[in-house]
Amino acid sequence: MADASRQRQRDVAVLGGAETEIVPEDLRSIPEMVLEAVAGALDDAAVQWEDVDAIVTASVDLFDGLTASSIAVTEVVGAVLKPETRIAADGMAAAIHAVHQIAAGAYGTVLVVAHGKASMAPHWDLTEWAMDPVYLQPLGVDFLTVAGLQANLIADSNRVGRCASLGDGACAVVLSSSVPSGAAVITGTGHDLDAHYPGDRDLSTWSGLQRAAGRAYEQAGVRDPATAFAVAEPSCMFPHEEGLFVEATAIGKNTPLSPSGGLMEGTAPIVSGLTRLLAAARAIEGNPGRRALAHGAWGPAGQGHAVAIVEAT
Amino acid sequence: MILEGTIRLPFSYAAGGIGTQFLIALRDEQRILGARCESCSTVTCPARPFCSQCHAAVTDLIEVGPAGNVVARTETPGKGVFGLIRLDGANTAILHRLVGPVDQWRRGARVSAVFAEERTAGINDIEGFVIEGDQP
Ligand SMILES: [Zn+2]
């Protein structure tokens, strides 16, 4: 008998969403940026504050320079006197958490919000503090170094290629159990974490993404990923990651990657995956039966991966 | 308006029982320890209190290296060359500095650990890895 997690989950609609323009330095405060994304998302989804049952936010204290960085946005995401859950990972992981809340019947409509402001501090220096303090921090190892080791295995390069331009931004998406006709629905999700210590993992593959995608395919009933998707929206930050993504998801050579532009020209940490979910939903809306794959990643060299399958009704 | 600030505060990290044994062995004996799993026989290096592959608790420490093979290497601007090195006797790779010019580093190269003269029971007690035979 299939275990419960492998069964097809209840469809969850992407009612709408909005994101701020990614800029190298947004002079607004985090709450001001988030307010713009949230107001835009509620407007796009045609819902009011009172329609939102719960909120899931994504943020990382280290990147915000304060602890419990969700506190900075409590008011502007409408979480005062409402249930709020905070995820310290990419926004796609927050979206999956919201999908599970809705699929479990806990809430009907959930607002998902992610923010990131790379201009606040030297980003790669910050990532040193996300590494193991006994064996890695004293060496000065950061996410760029681990990405470089992975690039060496994939592209035989001495150094990692140019990273996507990191800037400031916020994104908000409204998910709901009520599915308006023509809406994009999330029919499968998957999520996976690999080992933290880079030498414990096989860095030549994104096996975490392979497992995450496999779980999502099973839920969504995707049998042949090479032909299943009209669009894939990966969260690739370095040039060598595109090959890792295509291999791990088995989407083949013919699935268009990020026709809307992707992340290389500008993205914000933590926000990337949620913007991919929105882009995937928008790419297929109004074309019943079409599917898209959205991906979020976080940690050194893709330690964490989250995948959502979106389907037009 | 952007307000400038600095976060600066001292912090104390527990190396743990296995971590402490690993670091003391570097300092006092110039030996590198791996943790051998009794369930699946994986030797994880640097040693940690759990198996990196099956996540069982591990208490058995064995000496590995000090020579091994480069699995991957990269140059991080401003920081030097780093490599993943699978030490002889270990199943996982240790991440450390590769000492010497970047173009001599090839995957699969045989390397050996060089220990720092002044050792403080930290991961930097290994100064880095050099091509085998190039030890000072
Ligand atoms: Zn084991």
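Most heavy-atom pairs under 4.5 Å with chain A, from the set B/C45, B/P77, B/A72: that is B/A72. Note on B/G19, B/A90, B/S52: by heavy-atom pairs under 4.5 Å with chain A, the leading option is B/S52.
More than 12 heavy atoms of other residues, nucleotides or ligands lie within 6.0 Å of CD in B/E29, so this atom counts as buried by the packing criterion.
Contact annotation for B/I94: both backbone and side-chain heavy atoms come within less than 4.5 Å of a heavy atom of chain A. For A/Q137, the part sitting under 4.5 Å from any heavy atom of chain B is the side chain, from C-beta outward, and nothing else. A/D156 touches chain B through backbone and side chain together, each having a heavy atom under 4.5 Å away. Contact annotation for B/L95: both backbone and side-chain heavy atoms come within less than 4.5 Å of a heavy atom of chain A. The contact between B/F82 and chain A is made by backbone and side chain atoms together, counting heavy-atom distances below 4.5 Å. Only the backbone of A/S157 comes within less than 4.5 Å of a heavy atom of chain B; no side-chain atom from C-beta onward does. Both the backbone and the side chain of B/H96 come within less than 4.5 Å of a heavy atom in chain A.
In this structure, B/T42 has no side-chain hydrogen bond (donor to acceptor under 3.5 Å, both in side chains) partners at least two apart in sequence or on a different chain.
Rounded to the nearest 0.5 angstrom, A/S272 OG and A/I22 CD1 are separated by 7.5 Å.
Between B/K79 and A/E128 there is a salt bridge, since a side-chain N of the basic residue sits under 4.0 Å from a carboxylate O of the acidic one.
Checking each of A/H305, A/Q210, A/R215 against A/D192 for a side chain to side chain donor-acceptor pair (under 3.5 Å) leaves exactly one that passes, namely A/R215. Of the candidates B/V99, B/L87, B/I85, B/V130, B/V111 forms a side-chain contact (heavy atoms from CB on, under 4.5 Å) with just one, namely B/I85.
Inter-residue side-chain proximity for A/W124 and A/C163 is flagged as met; some heavy-atom pair is nearer than 4.5 Å.
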